[in-house]
Amino acid sequence: MADFPPFAFTTQESWYGELSFKSAEDGSAVPLTGRQFEMHITPASSGAQLVPPVVILTMEEGRGLSLKAGDPGTIVFRVPRTVANAFPRGDYTGDVLEVVGGERYLFMPVRITYAEPSGLRSYLSRFLGVGVSFASRQQPIYTPLAVPGREGRPGATILRGTVPPVPADGKDGDFFIEDRTASGQGRRMWGPKAGGQWPGTPWNIQVARYTDVPGLTEALDVIEFPNLAAAQAATIPASKAFVRLAGAATAGDRGAGLYRRLTTGPSNGVWFASADGALWELAETYVSLQQGGAVDDGLTPADTAFARVRSTARTIRLPRTVSGRYRFTESPGFTERTLDPDPDVALAGPVNFDPTLRTRHPIRLHEEREGDGGAIDRYDYWFMPEWGDLPARKKVWLSGGDVDTSTVEAIDCSTALAFRKVFANTSDDWIADTVTAGAADYVPFGLTTDGNWHAGFLPVRGGDELFATFDPGQYVRGVFVRTTNGYHVFKAGDTGLAAFSTKIIGQPQETIENVGWFDVDINPAWQTNFAEYGLRLVDSRRIDILLNGTEVFRRRLTGEVIEAGFGALFDRSGVATVRSLSRVRTRQAVGVRPLNLLIVGDSRLAHLHGSADFWIKDALDGSLGILVQSIDNRAVPGETSGEQLARLQAQGFQNSNNPNITANCLVIGVGTNDGQTLTPVSTMVANVRAKITLAKNNFIPVVLVGFDLWYAKGTGPAETGVTTYASNLSAPYRSALRRLAGETGVRYVDLSKHNAMYRSLVNADDRITDPRARDRLHHTAYAYRVNAVAIAQAITAEVAPRMTQKVNDAPFPLVGPFNCLRNGWTATTAPPTYSISEDGFLTARMTLDAGSGAVKANGTAIFQVPPNLLPSAAGGAVRLTGWNENGFVRLVLDGSGRLLVFDMGGSSLLAFTLTYRLH
């Protein structure tokens, strides 16, 4: 290999050099006329780093590179002294590059030494000429700035096609790739072409199957195929006991599996025969429907595939490869099988579920089965892994408070009802009525046009529920409640229109509220002509109206409930029949009750990932019959009580997304921002009171949520994030909210009892230590869940309250149809009152005045307790002692509720305390 041509220059001269190119064959000059060159002069160095040139000489006029005059085979280069003096002293490489079509190719590298005169070891004239000869066997020399060499003659071409090449394809020296992948085969290469012909035998450059490689089949224990069709078409050596498929229809379609050679017939449903006649059976116990040939496109029936895999394994994979829906035309046999579906996999068709079926993940079922008249019924159902779980993994444990002690009493309609009538809408006087004799389980009201309400009544107390049905017909039905202040009736025609009327004693006309409920227009079962009617007495003043066990209306009454029943309005001819009257005595108001919750608040209740509203729904939905239909969360971070009030007044209680939905429970979360902005406590209380009043005017129960504490912002290096204020001044706000709840009678949730921030927020390593706080003020997902459970418990107390017969200091009715006073006796300035304990004991305290006209004879009835407060028949008459101005007086309360007096003498005042067990 020849060395680089050398040049040496000193700092006292300009650079000048000649490169003369001659033919190696005859020594004649190589003409360079018309060719373009550049010379890149670069400091000599080694390594991977690219070194930029200090100067680039070109053949443009005055740019340092040219052909020597009269000698077109010699290149001359020049660098003026003034330019060269700026170069560092040392060794350089001068790369002569030929420029062809915008590309640069190395033509000749030279070596240059640049030094002070004293630094040169030998002296070379500036006019030194260097001869360069080329020979075909010489190799190019590459420098740190080398580029690809000059383009040579065209080489061989690689052609492509899907069939073997023919003589007309390509030229001598070319190669040809035959692509056979479309037919499931590998690629082959032909060539090189010589003498106008292609070689007769190609060679494999890609294989589609192991058998394509000579000798490889015999070397492997397990042979792989891309799919079932390829395996069926293969001739597999007899020495092979196993084969593996990469897929069923195509590789990677989740139908892969290991198959074993059989010596007898197959023992399961997933098998195939290869081209040589051998039988191969799936050798796995964890199989997929794809291995049986299923396609999850929602269209292709999976019945045959399931039958195959069912006989193969007890655990069946259901992969999602297309739409994730497997369709069945008949119910598959799921007995003692476990399904293992991918997420979002569903089954469709007439699917039944054997009790022994298990699933490892939730799976949706699009059930389709033939209904009445040949119509196809379609509905969705979820099968969950929790069902059929092991006893050791039990999640729900009932306690004593979960025991249902409800009792059901079948009412004998022929003997137990008191029938009364009243002129509808205007009269207060219920008078005794006579109805057509019915039977124990029904009452037929023969309708006329007298304009009266006719009804059969039972004495009732808090904790009672009454249920009955009406025969279909075009008449107005009524569910009645009589109280010490008047009566109320839920009245409904036969088409779904309903109203709740209230007639207070002394008022000239009843007041009417329209009542509506869901599905009344589209589901006949909810229409009043077909629904079961129910009345729930939550306590002695609160009632719920039920249709089909679902609450459609609730109201707090102004008087104490005495009796209730069912009847009809006589405004037409016909028969209105009440059937199957029963009474349930319970302590928990369980039954479907739709909940449409409205939340107003600040960042403590605002909607975000993992926030309280999600966990409130999770806790409530399905508990005690609560059906969460909607949660309208209007909580806005940073809002004060005044801003909340303004928005509630402007937007009302209609759902933000569906104005046809009205909230039936309001949650108010307030105080944090009032405290931080130091809003006067009295202003906050006034704003919250206004919100509560607005809700109560719309008969919407309220849960008031008092805020918990927050941290003051510290000064440590980790004390970044939200800035808080007045963390030490929040107590008056919390106390005022709690008192306001007491004054207004609403539920109160004190978050400071559930999420008190009592730890130091950061430790010595500046790490947050309180799991409840994420930034001194706002909660973590853990704290949101804790808060939500507390709020859900309060909401439950409002929408599904514990039923009770307990009464505290209620007055006996002394006027109207249930006036208790008899035979001229009157009450003193302290009216007689009674209380009822949870276990059914009544305690009454009375001071009565005989006055001048009262009857005092022994055995005179001076007081009649209401029919719902009669004493227990098992205890017999209740005997007690009272006292008057002159001593003691004997009293007897008989089984009909009459209080008889003895030994009254000439005294006028009588005081006593009466206790007995209720009937």
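As the structure is a computational prediction, the values presented were derived from the model and not from experiment. All residue numbers in this chain count up from 1 along the given sequence.
Aromatic ring centroids of Y326 and F306 lie 6.0 Å or more apart.
Listed for the E103 side chain is no donor-acceptor partner under 3.5 Å among the backbone atoms of V100. Side-chain N or O atoms of R180 include one that pairs as donor or acceptor with a backbone N or O of G186 at under 3.5 Å. Proximity of a side-chain donor or acceptor of E281 to a complementary backbone N or O of S267 within less than 3.5 Å is detected. R337 places a side-chain N or O within donor-acceptor distance of the main-chain N or O of R310, the cut-off being under 3.5 Å. A donor-acceptor pair is defined here as one N or O able to donate and one able to accept, closer than 3.5 Å; such a pair exists between the side chain of R320 and the backbone of D344. Checking side-chain atoms of D172 against main-chain N and O of G195 turns up a donor-acceptor pair under 3.5 Å. When atom types are taken as modelled, the side chain of R261 and the backbone of K240 share a donor-acceptor pair closer than 3.5 angstrom. Put simply, the side chain of S311 gets close to the backbone of G269: a donor and an acceptor are under 3.5 Å apart. Judged by distance alone, the side chain of D95 and the main-chain N or O of H40 form no donor-acceptor pair under 3.5 Å. When atom types are taken as modelled, the side chain of K193 and the backbone of P167 share a donor-acceptor pair closer than 3.5 angstrom.
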**Working for side-chain contact (heavy atoms from CB on, under 4.5 Å), residues W280 and L228** = CA-CA 11 Å; W280 303 87; L228 178 60; over 6 Å; no
**Request:** Could you please spell out the steps behind the side-chain contact (heavy atoms from CB on, under 4.5 Å) verdict for D169 and W198?
**Result:** CA-CA 9 Å; D169 294 330; W198 293 96; 4.1 Å; yes
**Message:** side-chain contact (heavy atoms from CB on, under 4.5 Å) for V270 and Y259? Distances and angles first, verdict last.
**Reply:** CA-CA 9 Å; V270 184; Y259 290 75; 3.5 Å; yes
**Request:** Show your reasoning for whether side-chain contact (heavy atoms from CB on, under 4.5 Å) applies to F21 and F107.
**Result:** CA-CA 11 Å; F21 297 89; F107 192 72; 3.6 Å; yes
**Asked** Can you check side chain to side chain donor-acceptor pair (under 3.5 Å) on T11 and E116, steps first, answer last?
**Response** CA-CA 5 Å; T11 57; E116 299 295 336; 2.9 Å; yes
**Request:** Quick one: do D276 and T235 satisfy side chain to side chain donor-acceptor pair (under 3.5 Å)? Show the steps, please.
**Result:** CA-CA 5 Å; D276 51 66; T235 298; 4.9 Å; no
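In this structure, the separation between OG on S66 and CE on M59 is 6.5 Å, given to the nearest 0.5 Å. Atom CD of E336 sits about 11.0 Å away from atom CG of L357, to the nearest 0.5 Å. Residue E61 holds its CD atom at 10.5 Å from OG1 of T58, rounded to the nearest 0.5 Å. Rounding to the nearest 0.5 Å gives a distance of 15.0 Å between CG of D340 and CZ of R358. Atom OG1 of T359 and atom CG of L318 lie 8.0 Å apart (nearest 0.5 Å). Atom CE in M39 sits 7.5 Å away from atom CG in L65 (nearest 0.5 Å).
Side-chain contact between S14 and R78: absent, with no pair of heavy atoms (C-beta onward) separated by less than 4.5 Å. When side chains are defined from C-beta on, D296 does not count as touching L289, because their heavy atoms never get closer than 4.5 Å. At a threshold of 4.5 Å between non-hydrogen side-chain atoms, the residues R360 and T315 count as touching. Inter-residue side-chain proximity for V222 and L258 is flagged as met; some heavy-atom pair is nearer than 4.5 Å. In this structure, the side chains of I41 and Y114 stay at 4.5 Å or more apart for every pair of heavy atoms. When side chains are defined from C-beta on, I75 counts as touching L67, because their heavy atoms get closer than 4.5 Å. A heavy-atom distance below 4.5 Å is found between the side chains of L97 and L106. By the 4.5 Å heavy-atom criterion applied to side chains, P237 and I223 are counted as neighbours.
The nearest pair of heavy atoms linking S323 to G298 is OG-N, 3.8 Å. Considering all non-hydrogen atoms of both residues, L262 and T264 come closest at CB-O, 3.3 Å. When all heavy atoms of R63 and I56 are compared, the closest pair comes out as NH2-O, 4.4 Å. The two residues P319 and Q290 come nearest to each other via the heavy atoms CD-OE1, 3.0 Å. Closest approach of R308 and G292 over heavy atoms only: NH1-O, 2.8 Å. Closest approach of P350 to F328, counting heavy atoms only: CD-O, 3.3 Å.
Between F87 and Y92, the ring-plane angle classifies as tilted under the 30° and 60° cut-offs. Ring-plane geometry between W15 and F9 is classed as parallel, the angle between the planes falling under 30 degrees on a 0 to 90 degree scale with a further cut at 60.
Residues R317 and D342 are paired through a salt bridge, judged by an N-O separation under 4.0 Å between the basic side chain and the carboxylate.
Within 6.0 Å of atom CZ in R160, 12 or fewer heavy atoms from other residues, nucleotides or ligands are found, so the atom counts as exposed in its surroundings.
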